[in-house]
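See structure below.
Computed over heavy atoms, backbone and side chain alike; hydrogens, waters and symmetry mates excluded. Nothing here was measured: the structure is a model prediction, and the numbers come from that model.
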Amino acid sequence: MRKRPLAKPSRGMDRRTLFAYGAASAAIAAAKSSFGAAGGSSPEGAAAAKVEPFELDEATITDLQKKMVSGEETARSLTEKYIARIEALDRRGPALRSVLEVNPEAVAIAEHLDEERKAGRVRGFLHGIPVLIKDNVGTADRMTTTAGSLALEGSIPSTDAFVVKMLRESGAILLGKTNMSEWANFRSTHSSSGWSGRGGQCRNPYALDRNASGSSSGSGAATSANLCAVSVGTETDGSIVSPSNNCSLVGIKPTLGLASRAGIIPIAHSQDTPGPMCRTVADAAIVLAAMAGTDPADPATKEATARLGKGYAKLLDPRGLEGARIGVPRKVLYGQNAAADRIVERALEDMKKLGAIIVDPADIETASAFEKTELEVLLYEFKTDLNLYLAALPNARVKSLKEAIEFNDKNRDREMPYFGQELFLQAEKKGPLTEKAYRDALEADLRNARKDGIDKTMDKHKLDALVAPTSSPPTLIDLVNGDYGVNGSSTIPAVAGYPDITVPAGYDFGLPVGISFFGRAWSEPTLIRIAYAYEQATKHRRPPKFLATADLSSR
């Protein structure tokens with residue numbers, strides 16, 4: 001659920017330093033052995049594979065519904081075509097390694113939904129739509145739920161996660177489980193985002209030697225490569241918006257409590273949330289509405305159904321930027337990467353032309369206040385929350401964080417061939433959530449992110465939203481040194497538990513860059529309206545080309 005490990009380089013790394021570091025890492029990243037214990041060919045070999053045109057490329061939910069209504073397609077035919085696409089691009093060809101397993105019941109479920117449609121029952125926008133979900137989202141079926149770890153291989157929870165229940169009821173077809181940064185990137189301080197013991201290293205479809213980012217890397221790569229119609233990821237800090245940035249997607253990290261966390265392998269209850277990862281704002285709004293709702297098993301969701309109302313479809317207004325007051329928090333969130341800043345500066349000019357009022361600067365004075373307190377909170381909550389989750393699993397191989405640590409030690413050759421479990425060890429040393437150190441850190445986080453952070457800035461400037469680069473262009477995969485690069489803009493809304501939406505904003509050397517809109521709690525309607533208007537006016541997303549490396553002839 002974190003975009004990258006918590007031990008980070010300084011924010012001052014500039015573009016020249018990134019390219020120097022990247023060049024030194026390229027030979028390592030390109031080596032065949034660098035792509036995980038689960039195998040896989042080298043990027044050069046992958047690039048040599050021809051990617052055939054796909055008739056469902058870039059198809060939206062609306063497109064697919066029209067095909068099913070007309071009889072051109074059925075839920076079964078769509079499901080079979082996406083499964084074939086997974087086989088062609090994920091297992092073979094570019095070998096993206098973005099999908100851990102395909103649901104063996106997917107075709108049967110599709111057939112049942114086709115029968116419902118013939119009988120005149122259509123459940124809604126998602127009826128018959130194939131959806132991939134991240135491997136930490138529990139399903140009580142023939143698929144496993146492992147957070148990418150061999151320690152949970154074969155584990156099947158006794159009940160569906162609440163968001164899975166909601167998706168099934170909406171008529172969505174659970175197509176399979178996506179690869180992810182193992183344990184949601186909360187195992188090591190030097191991990192490579194997108195690597196798991198079960199799945200190996202997930203690759204970015206725009207440049208196969210680049211990182212898809214974490215921890216929802218598989219959901220990002222698979223959706224961008226059109227291996228599914230839409231997907232679901234999870235985020236603690238950045239793990240929806242960062243892979244969406246790297247894979248040129250729309251990702252929505254909702255307000256904490258809009259979508260239930262029950263049945264999802266946790267990091268921290270104060271920040272965890274599931275959310276949609278899609279190719280368009282409209283699709284993301286549809287999936288979010290289907291997932292959201294009040295769940296008695298997750299007290300944070302008590303307002304969810306009321307806040308959701310009738311959904312977000314009426315908010316999809318191409319004129320949604322007219323009169324919107326959008327703040328530019330330059331302190332900390334800008335100046336991390338020259339290419340990302342350049343692309344977002346162009347986006348600001350585009351928004352002005354579309355009628356937005358740009359308030360620049362609109363700095364968040366507490367933007368750098370979370371370096372120590374966020375990690376402290378996550379370590380405490382991870383131990384408590386994971387122990388509760390594992391203890392409740394039927395027939396689990398490990399029943400506690402301590403046992404997971406022991407499993408990794410005993411299976412070091414498969415689980416820790418590249419990086420260790422430093423964060424696991426730090427978390428295991430923490431005490432209960434009654435300890436003063438935890439309570440003080442949590443109080444500081446919430447004050448600095450909410451009252452003295454986002455809320456104060458938006459009140460001061462009378463803003464509808466804040467805007468910043470989501471992250472940098474994707475960096476090279478480096479299993480020796482782990483992730484590197486800029487931190488992005490996800491931390492403040494993540495710690496606050498406030499919504500954050502990223503939209504494709506452009507490319508640098510063919511590598512995607514996104515722009516993030518974030519704001520107050522429960523401001524999804526405003527953010528979706530703004531994001532949709534920006535998307536429709538600019539239409540920056542273009543499908544990936546599965547290149548071996550970045551296109552240095554193109555800016």
Side-chain angles (χ1 to χ4, degrees), residues 1-13 17-18 21-22 24-25 28-29 34 36-37 136 147-151 180-197 201-202 211-217 234-239 242-243 265-268 271-272 336 368 370-383 385-386 401-402 404-409 411-412 414-430 437-438 441 445 471-472 475-488 490-491 494-495:
M1 292 183 190
R2 274 199 65 91
K3 60 189 174 187
R4 55 174 61 89
L6 284 146
K8 306 168 184 173
S10 69
R11 294 184 182 273
M13 186 177 288
T17 307
L18 278 175
Y21 191 173
S25 303
I28 296 167
S34 293
N136 60 348
S149 173
L150 297 173
M180 57 182 285
S181 308
E182 186 173 309
W183 293 109
N185 232 355
F186 205 76
R187 198 192 82 185
S188 172
T189 57
H190 296 87
S191 66
S192 170
S193 287
W195 186 92
S196 72
Q201 179 66 54
C202 179
N211 206 300
S213 191
S215 61
S216 306
S217 47
T234 65
E235 175 165 330
T236 303
D237 182 346
S239 283
S242 186
I265 299 174
I267 288 182
Q271 293 183 208
D272 291 349
Q336 298 185 42
S368 60
F370 310 99
E371 290 295 328
K372 294 181 180 179
T373 51
E374 184 188 14
L375 175 57
E376 186 79 349
V377 168
L378 300 189
L379 290 170
Y380 269 99
E381 292 188 5
F382 180 66
K383 179 181 180 180
D385 294 353
L386 184 64
L401 174 59
K402 182 175 183 293
I405 291 170
E406 292 169 352
F407 177 91
N408 291 338
D409 281 332
N411 296 274
R412 182 172 293 273
R414 296 189 298 158
E415 275 292 354
M416 298 193 289
Y418 307 113
F419 47 85
Q421 54 180 341
E422 300 88 358
L423 293 175
F424 269 26
L425 295 171
Q426 291 176 41
E428 179 59 23
K429 293 177 181 178
K430 295 299 183 184
Y438 165 73
D445 268 358
S471 190
S472 68
T475 53
L476 287 160
I477 294 168
D478 187 346
L479 284 164
V480 175
N481 298 296
D483 292 345
Y484 65 93
V486 302
N487 295 316
S490 65
T491 293
V495 173

request  = Could you tell me the separation between the CD atom of Gln201 and the OH atom of Tyr418, rounded to the nearest 0.5 Å?
outcome  = 9.0 Å

query = Heavy-atom distance under 4.5 Å between the side chains of Asp385 and Ile267, does that happen here?
reply = no

query = Going by distance alone, is a donor N or O of one side chain under 3.5 Å from an acceptor N or O of the other, for Asn136 and Thr234?
reply = yes

key: Audit row: Ile405, Leu425, side-chain contact (heavy atoms from CB on, under 4.5 Å) steps and yes/no   = CA-CA 7 Å; Ile405 291 170; Leu425 295 171; 3.8 Å; yes

message = With heavy-atom distances below 4.5 Å as the criterion, would you say the side chains of Glu415 and Glu182 are in contact?
response = yes

Pairing residues for Glu381 by the salt bridge (charged side-chain N to carboxylate O under 4.0 Å, His left out) criterion, not counting sequence neighbours = none

query = Quick one: does Leu150's side chain get under 4.5 Å of Phe407's, heavy atoms only?
reply = yes

message = Within this structure, what is the CG-OG distance for the pair Asn185 and Ser216, rounded to the nearest 0.5 Å?
response = 10.0 Å

query = Going by distance alone, is a donor N or O of one side chain under 3.5 Å from an acceptor N or O of the other, for Ser181 and Ser215?
reply = no

inquiry  = Working to the nearest 0.5 angstrom, can you tell me the gap between Asp409 CG and Met416 CE?
reply    = 4.5 Å

message = Please evaluate residues Asp483 and Ser192 with respect to the criterion side-chain contact (heavy atoms from CB on, under 4.5 Å), reporting the C-alpha separation (whole Å), side-chain torsions for both, the decisive distance (0.1 Å), and the verdict.
response = CA-CA 5 Å; Asp483 292 345; Ser192 170; 4.3 Å; yes

query = Are any of the side-chain heavy atoms of Leu386 and Trp183 separated by less than 4.5 Å?
reply = yes

key: Spatial distance of atom CG (Leu375) from atom CG (Asp445) [nearest 0.5 Å]   = 10.0 Å

Straight-line distance of Gln426 CD to Leu378 CG, nearest 0.5 Å = 11.5 Å

task = Taking the side chain as every heavy atom from C-beta outward, state whether Leu379 and Lys429 have any pair of such atoms under 4.5 Å apart.
result = no

Listed partners of Ala494 passing side chain to side chain contact (heavy atoms under 4.5 Å, CB included), at least two apart = Glu235, Asp237, Gln271

query = Can you list the residues that meet the side chain to side chain donor-acceptor pair (under 3.5 Å) rule with Asn411, with sequence neighbours excluded?
reply = Arg414

message = I'd like to check the side chain to side chain donor-acceptor pair (under 3.5 Å) partners of Glu376; sequence neighbours left out, ordered by chain and number.
response = Lys430

inquiry  = Could you measure the distance from the CG atom of Asp272 to the OG atom of Ser239? Nearest 0.5 Å is fine.
reply    = 10.0 Å

message = Do Val495 and Thr373 have side chains that approach each other closer than 4.5 Å (heavy atoms only, starting at C-beta)?
response = no

request  = Quick one: list whatever passes side chain to side chain contact (heavy atoms under 4.5 Å, CB included) with Glu406, sequence neighbours left out.
outcome  = Lys402, Glu403

request  = Output all residues satisfying ring pair (Phe, Tyr, Trp, His ring centres under 6.0 Å) with Phe382, sequence neighbours left out; order by chain, then residue number.
outcome  = Phe186, Phe424

